[in-house]
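Remarks on the structure that follows.
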Number of protein chains: 2
Amino acid sequence: MAIKDEVTDKYSLRGRVYNKIREDILEGRYKNNDELKELAIGEELGVSRTPVREAFRQLELEGLIRIVPNKGAYVTGITAKDVKDIYMIRSKLEGLAARWAVSNITEEQMSEMEENIYLTEFHASKGHLDQIATLDNRFHEILYEACGSKMLEHQLREYHEYVQKVRRKTLSENKRSLASTGEHKLIMEAIKSGDENQAEKMANKHIENAYKNMVKNGLKESYPEA
Amino acid sequence: MAIKDEVTDKYSLRGRVYNKIREDILEGRYKNNDELKELAIGEELGVSRTPVREAFRQLELEGLIRIVPNKGAYVTGITAKDVKDIYMIRSKLEGLAARWAVSNITEEQMSEMEENIYLTEFHASKGHLDQIATLDNRFHEILYEACGSKMLEHQLREYHEYVQKVRRKTLSENKRSLASTGEHKLIMEAIKSGDENQAEKMANKHIENAYKNMVKNGLKESYPEA
DNA sequence: TATCGTATAATTGTATACAATTATTTTGCT
DNA sequence: AGCAAAATAATTGTATACAATTATACGATA
């Protein structure tokens with residue numbers, strides 16, 4: 001499971017190495033089965049093998065590389081199917097989060113969620129894409145925090161981060177943001193009204209729709225098939 | 001997320017350290033917020049700090065410890081609520097696995113699954129608890145392999161392993177194994193008959209029932225509340 | 001006594017050194 | 001030339017060394 005940014009400090013050498021390699025993999029700069037050599041990467045980033053090795057171990061745990069003992073580290077990469085699977089998994093888990101949020105969300109979180117949606121609607125009407133993206137991410141963050149489960153929060157944050165990196169490879173979605181905000185609103189309203197089933201269902205659909213949109217925008221073309 | 005045993009080699013020093021600490025945490029030998037010191041653990045296991053540090057990084061990623069830069073590594077531990085959450089998450093994901101298995105399972109996997117169930121029924125009638133446990137684990141492994149998703153397989157294996165360690169702390173379940181086998185059979189039959197909805201539903205319920213059984217057998221008493 | 005500041009020790013972060021394993025090249029033979 | 005074996009180089013695994021940071025102990029001062 002991996003990884004929160006809160007935990008993986010970005011400012012240690014190891015943290016920097018980890019983030020760099022991770023990005024390179026998620027954004028497709030490394031290809032599947034590429035071999036990563038400790039010394040080469042260390043030199044490229046100006047650090048010794050020690051932090052590189054530690055970063056490798058974490059990447060291995062995440063499944064982004066695989067380490068063959070005494071041989072080397074090889075990029076596992078992610079395929080179009082992997083992305084699809086992650087969205088389907090995430091759909092289920094966001095559903096759970098929404099369900100649990102119904103009985104765990106605090107007043108403050110509820111307020112922030114409502115505010116988030118009103119703000120998003122405003123920026124959507126003005127076409128402020130950057131702000132919309134930030135608010136979109138924040139909406140999901142609030143949901144994760146509100147679900148009241150350390151385990152689920154951890155897992156969802158990991159997948160969400162995964163997907164964000166991936167999303168940069170597909171075209172930026174302008175029309176989608178309108179629909180997306182509407183879906184956020186439905187989730188929020190279900191939580192506010194205490195309807196667990198509805199909250200779960202709306203969250204399920206929201207992620208499924210996000211995936212469908214990615215497919216339309218050329219996901220398949222961005223990733224290897226197998 | 002972590003971690004497959006296939007990947008985390010058990011025979012390197014780092015692998016041994018990783019497995020040792022992980023077990024100690026999951027089986028409750030370390031308490032929440034215990035501080036882990038690299039040198040002390042290294043000496044205890046007769047290794048230097050290097051493999052210990054690498055193991056720490058993996059454990060951090062899994063969420064089992066948290067590392068505060070320049071300060072130390074602290075056990076995060078798992079509470080009774082964490083265990084519950086994991087079961088609920090797993091319920092959803094096993095459901096997905098069963099659904100996907102319907103269209104991805106191979107003939108061989110299907111045969112092994114059927115054989116697994118008949119064998120389990122046999123051993124259940126004889127009261128062979130060890131064999132039942134092995135077959136139970138294997139049933140889930142087959143399901144994970146059959147779902148046809150690297151991502152889901154990875155995730156489920158991690159949670160399953162998590163839970164197995166935890167389960168040792170609760171009493172061994174004798175009557176449960178009969179019901180459990182029956183549930184396996186329902187999942188298998190749904191997959192065999194091509195009924196995706198039924199497969200998902202039965203897998204959901206199976207995990208939920210497993211959790212209910214754990215609660216009856218004293219889960220709460222085995223783990224800290226908060 | 002209480003508290004602050006400084007010195008000391010303990011601990012982590014990183015780099016380097018050495019050992020073990022694996023990959024590559026060279027060499028010798030047919 | 002082609003192959004095998006040996007030598008060499010490259011790479012990983014682990015241990016140690018050193019630097020930087022944090023924790024602890026001690027003592028001076030009010």
Side-chain angles (χ1 to χ4, degrees), chain A residues 2-22 24-25 30-76, chain B residues 2-22 24-25 30-76:
Chain A
I3 310 92
K4 328 187 190 182
D5 270 352
E6 308 107 88
V7 166
T8 301
D9 63 308
K10 293 177 178 169
Y11 306 106
S12 66
L13 297 188
R14 180 201 51 78
R16 293 219 314 265
V17 173
Y18 170 80
N19 286 312
K20 172 68 164 57
I21 301 176
R22 191 163 187 274
D24 284 350
I25 295 176
Y30 287 127
K31 284 171 192 163
N32 202 11
N33 291 323
D34 274 3
E35 184 168 3
L36 302 180
K37 294 184 184 168
E38 297 172 358
L39 198 63
I41 289 184
E43 278 173 357
E44 190 187 323
L45 302 178
V47 302
S48 78
R49 287 174 54 216
T50 308
V52 175
R53 279 182 65 85
E54 292 183 11
F56 276 19
R57 294 303 170 190
Q58 297 191 288
L59 293 162
E60 179 194 25
L61 208 68
E62 261 186 295
L64 289 177
I65 68 178
R66 82 179 183 289
I67 296 180
V68 181
N70 283 312
K71 296 201 98 180
Y74 306 90
V75 172
T76 299
Chain B
I3 311 89
K4 330 185 190 184
D5 269 350
E6 309 106 88
V7 167
T8 301
D9 65 307
K10 295 177 178 170
Y11 307 106
S12 66
L13 297 189
R14 179 201 51 79
R16 293 220 313 267
V17 173
Y18 170 79
N19 285 312
K20 172 67 162 60
I21 302 177
R22 191 163 187 274
D24 284 350
I25 294 176
Y30 287 127
K31 285 172 194 162
N32 202 9
N33 291 322
D34 273 3
E35 184 167 3
L36 301 181
K37 295 186 182 164
E38 296 171 0
L39 198 63
I41 288 184
E43 279 173 356
E44 191 187 323
L45 302 178
V47 303
S48 78
R49 286 174 54 214
T50 308
V52 175
R53 279 182 65 84
E54 292 183 12
F56 276 18
R57 293 304 170 189
Q58 297 191 288
L59 294 163
E60 179 194 25
L61 208 69
E62 261 187 294
L64 288 177
I65 67 177
R66 82 179 184 287
I67 296 180
V68 180
N70 284 311
K71 294 199 101 181
Y74 305 89
V75 172
T76 300

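By convention in this document, chain letters (A, B, ...) are assigned in the order of the sequence lines, proteins followed by strands, and residues within each chain are numbered from 1. In this text the structure is predicted, and so the values were computed from the model without any measurement.
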| task | Figure out the CD/P separation between A:Glu43 and D:dA10, and round it to whole Å. | result | 12 Å
| Within this structure, what is the CG-to-C1' distance between B:Leu45 and D:dA15, rounded to whole angstrom? | 15 Å
| field | Verdict with reasoning, B:Val17 to B:Arg14, per side-chain contact (heavy atoms from CB on, under 4.5 Å) | value | CA-CA 5 Å; B:Val17 173; B:Arg14 179 201 51 79; 5.7 Å; no
| note | With B:Arg49 as partner, the option from B:Glu38, B:Glu54, B:Glu43 fulfilling side chain to side chain donor-acceptor pair (under 3.5 Å) is B:Glu38
| field | Separation of B:Leu64 CG from B:Asp24 CG (nearest 0.5 Å) | value | 11.5 Å
| message | Distance check needed: C:dT21 P versus A:Ile67 CD1, whole Å only. | response | 18 Å
| field | Of B:Lys37 and A:Val47, the one whose closest DNA chain C nucleotide lies more 5' | value | B:Lys37
| query | Between A:Arg53 (CZ) and C:dA15 (P), how many Å, whole number? | reply | 15 Å
| Gap between atoms CD and P, on A:Glu38 and C:dT21 respectively (whole Å) | 16 Å
| message | Quick test of your reading of the model: are B:Glu60 and B:Arg57 salt-bridged, counting only N-O distances below 4.0 Å? | response | yes
| query | Is A:Lys71 near enough to C:dA23 that one of its side-chain N or O atoms lies under 4.0 angstrom from OP1 or OP2? | reply | yes
| said: Please report the distance, rounded to the nearest Å, between CZ in B:Arg49 and C1' in D:dA15. | reply: 11 Å
| query | Roughly how many Å is it from CG in A:Leu39 to P in D:dA10, rounded to a whole number? | reply | 11 Å
| task | Verify the contact: side-chain N or O of B:Ser48 to OP1 or OP2 of D:dA15, cut-off strictly under 4.0 Å; return yes or no. | result | yes
| note | Among the nucleotides D:dT12, D:dT14, C:dT14, whichever has the atom closest to the side chain of A:Leu13 is C:dT14
| Nucleotide D:dA19, atom P - distance to CG of B:Asn70 in whole Å | 16 Å
| Short side-chain N/O contact to C:dA15 OP1/OP2 from A:Arg14, under 4.0 Å | no
